[in-house]
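Position 1 is the first residue of the sequence, and the numbers go up from there.
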Amino acid sequence: MTITATQSVAAPGGAGSTGWERLSLNTRTTASWTLREAVEGAARAGLPAVGLWRDRLEEAGVDEAVRVLADSGLRVSSLCRGGFLTGHDDAALDDNRRALDQAAAVGAPELVIVAGGMPDRDLRGARLRLADRIADLAPYAADRGVRLALEPLHPMYCADRAVISTLGQALELAAPFLAEQVGVVVDAFHVWWDPELADAVAAAGRAGRISSYQICDWLVPIAADPLLSRGMMGDGVVDFGYLTELVTAAGYRGDIEVEIFNQEIWDTDPAAVVDSMKERYRELVLPGLRSGA
């Protein structure tokens with residue numbers, strides 16, 4: 001059964017609880033694993049869900065992915081990624097429609113949208129084009145039962161990856177649409193620094209727009225390639241207890257994905273990465289789930 005963002009997943013800490021009822025392995029965290037290996041590895045580790053990236057999905061093929069997921073009994077928390085909608089032509093729209101078709105086929109309730117960067121110096125124009133293309137895609141997504149999940153990225157990515165940098169900006173972009181059509185992603189790596197974060201998370205919760213909660217840490221110093229500077233929870237500066245309390249108090253009861261871009265982690269035995277992920281989640285995230293409820 002697919003669990004949508006508006007459905008509740010079993011709360012941690014109850015009778016028979018393992019603590020992992022909401023923990024999802026994003027396939028980017030174990031980048032050396034194929035889709036089948038990631039799904040089977042997550043199942044062996046007792047996890048209930050996986051977040052899929054399209055590269056692994058397309059390598060396996062959608063039909064094979066559907067079979068592997070059905071055999072495992074795991075749910076799909078999200079599909080990454082669509083987006084890059086800020087160019088001067090509409091070429092990205094077709095790719096995003098394909099991504100929505102893929103999400104529907106594998107039972108992903110959310111397609112994560114990374115906005116896209118600036119093709120020139122016109123930041124305002126890029127943001128206007130993004131809004132127009134979200135409007136183009138929202139009905140197509142709704143017809144397939146998939147929500148567009150807008151992910152703000154840290155401001156250092158504004159020029160090349162995402163012209164929306166805060167949760168507040170993402171909520172403004174989502175506001176013209178039904179909450180079932182367009183939501184927002186709370187990604188710890190990208191939003192932990194925002195002085196308006198508490199108010200924005202609360203507002204997202206009131207509007208029913210929290211599509212996904214993704215976790216990993218912000219390392220200091222950042223890597224030479226900022227894209228690969230995500231760390232395992234506890235290895236950086238993010239206060240996961242506080243952030244998890246905010247998201248929980250806002251009413252989010254969906255899956256919590258661990259999504260890490262880090263070459264050292266990618267070079268580590270993926271099964272060991274999953275074990276470490278589980279332990280850090282138990283230590284740093286579960287307390288916030290319990291106290292924020």
To the nearest 0.5 Å, what is the distance between CG (Asn96) and CG (Asp90)? 11.0 Å

Can you tell me how far the CD atom of Gln214 sits from the CG atom of Asp255, to the nearest 0.5 Å? 11.0 Å

Given the rule that I, L, V, M, F, W and Y join up when any side-chain heavy atoms are under 4.5 Å apart, are Ile134 and Leu123 in one cluster? yes

Quick check: does any side chain N or O of Ser24 sit under 3.5 Å from a backbone N or O of Glu257, one acting as donor and the other as acceptor? no

So if you build clusters from Ile, Leu, Val, Met, Phe, Trp, Tyr with side-chain heavy-atom gaps below 4.5 Å, do Met232 and Leu23 land together? yes

Is a donor from one side chain sitting under 3.5 angstrom from an acceptor on the other, for Trp33 and Glu40? no

Looking only at heavy atoms, which two atoms of Ala38 and Thr27 are closest? And how far apart? CB-CG2, 4.0 Å

May I have the step-by-step check of side chain to side chain contact (heavy atoms under 4.5 Å, CB included) for Met277 and Leu47, ending in yes or no? CA-CA 11 Å; Met277 179 182 99; Leu47 305 185; 3.5 Å; yes

Is there a chain of hydrophobic side chains (I, L, V, M, F, W, Y, each step under 4.5 Å between heavy atoms) that links Ile222 to Leu219? no

For residues Arg147 and Ser211, is any side-chain donor paired with an opposing acceptor at under 3.5 Å? yes

State, to 0.1 Å, how close Leu74 and Ala42 come at their nearest heavy-atom pair, and which atoms those are. CD2-CB, 3.7 Å

Where do Ala223 and Leu228 come nearest, in terms of heavy atoms and distance? CB-O, 4.0 Å

Side chain to side chain contact (heavy atoms under 4.5 Å, CB included), that's the test. Do Ser78 and Val185 meet it? Break it down for me. CA-CA 11 Å; Ser78 73; Val185 178; over 6 Å; no

Do Arg22 side-chain atoms and Gly254 backbone N/O form a donor-acceptor pair below 3.5 Å? yes

Trp53 and Val112: side chain to side chain contact (heavy atoms under 4.5 Å, CB included), yes or no, with the steps? CA-CA 10 Å; Trp53 265 71; Val112 175; over 6 Å; no

Please answer whether the main-chain N or O of Val163 pairs with a side-chain N or O of Arg127 as donor and acceptor at a distance below 3.5 Å. yes

Asp132 and Arg129: salt bridge (charged side-chain N to carboxylate O under 4.0 Å, His left out), yes or no, with the steps? CA-CA 5 Å; Asp132 288 344; Arg129 289 190 296 275; over 6 Å; no

Are the charged groups of Lys278 and Asp275 less than 4.0 angstrom apart, N to O? no

Tell me whether Trp193 is reachable from Leu197 by hopping between hydrophobic residues (I, L, V, M, F, W, Y) whose side-chain heavy atoms are closer than 4.5 Å. yes

Between the side chains of Asp136 and Arg133, is the shortest nitrogen-to-carboxylate-oxygen separation below 4.0 Å, so that they form an ion pair? no

Between Asp217 and Arg280, does at least one N-O distance fall below 4.0 Å, as a salt bridge requires? no

Indicate, with yes or no, if Met233 and Val237 share a hydrophobic cluster defined by side-chain heavy-atom contacts under 4.5 Å among Ile, Leu, Val, Met, Phe, Trp and Tyr. yes

Residue pair Ala138 / Phe177: nearest heavy atoms and the distance that separates them: CB-CD2, 3.9 Å

Between the CZ atom in Phe189 and the CD1 atom in Ile215, the distance rounded to the nearest 0.5 Å is 14.0 Å

Short question: side chain of Trp218, backbone of His190 - any donor-acceptor pair under 3.5 Å? no

Ignoring hydrogens and geometry, is there a side-chain-to-backbone donor-acceptor pair from Thr30 to Pro270 under 3.5 Å? no

I need the Ser212 OG to Glu259 CD distance, nearest 0.5 Å. 8.5 Å

Could you check whether any side-chain N or O of Tyr157 sits under 3.5 Å from a backbone N or O of Pro226, counting only pairs where one atom can act as donor and the other as acceptor? yes

Exactly one candidate in Asn262, Thr29, Asp187 meets side-chain hydrogen bond (donor to acceptor under 3.5 Å, both in side chains) with Arg230; the answer is Asp187

Dump the intermediate steps for side chain to side chain contact (heavy atoms under 4.5 Å, CB included) on Tyr213 and Leu243, then the final yes or no. CA-CA 10 Å; Tyr213 178 33; Leu243 183 52; 3.6 Å; yes

When rounded to the nearest 0.5 angstrom, what distance separates CD in Glu21 from CZ in Arg253? 14.0 Å

With distance as the sole test, does Ser72 use its side chain to make a donor-acceptor pair with the main-chain N or O of Leu69 at under 3.5 Å? yes

Any side-chain donor-acceptor pair under 3.5 Å between Thr166 and Glu196? no

Just so I know, are the side chains of Asp101 and Tyr140 near enough to count as touching, which here means a heavy-atom distance under 4.5 Å? yes

Check each of Val186, Leu289, Leu286 against Ile256 using the side chain to side chain contact (heavy atoms under 4.5 Å, CB included) test, and report the only one that passes. Leu289

If you define the side chain from C-beta out and look only at heavy atoms, does anything of Leu137 sit under 4.5 Å from Leu111? no

How long is the straight-line distance from CD of Glu151 back to CG of Leu167, given to the nearest 0.5 Å? 10.5 Å

So does Ala31 get a backbone contact from the side chain of Arg56, meaning a donor-acceptor N/O pair under 3.5 Å? yes

Between the side chain of Arg28 and the main-chain N/O of Val258, is any donor-acceptor distance below 3.5 Å? no

Applying side-chain hydrogen bond (donor to acceptor under 3.5 Å, both in side chains) to Trp192 and Asp239, what does each step give before you reach the verdict? CA-CA 8 Å; Trp192 67 272; Asp239 184 345; over 6 Å; no

Ala174 backbone acceptor or donor facing Arg209 side chain under 3.5 Å: yes

Which pair of non-hydrogen atoms, one from Phe240 and one from Ala188, has the smallest distance, and what is that distance? CE2-CB, 3.8 Å

State, to 0.1 Å, how close Gly208 and Ala179 come at their nearest heavy-atom pair, and which atoms those are. O-CB, 3.7 Å

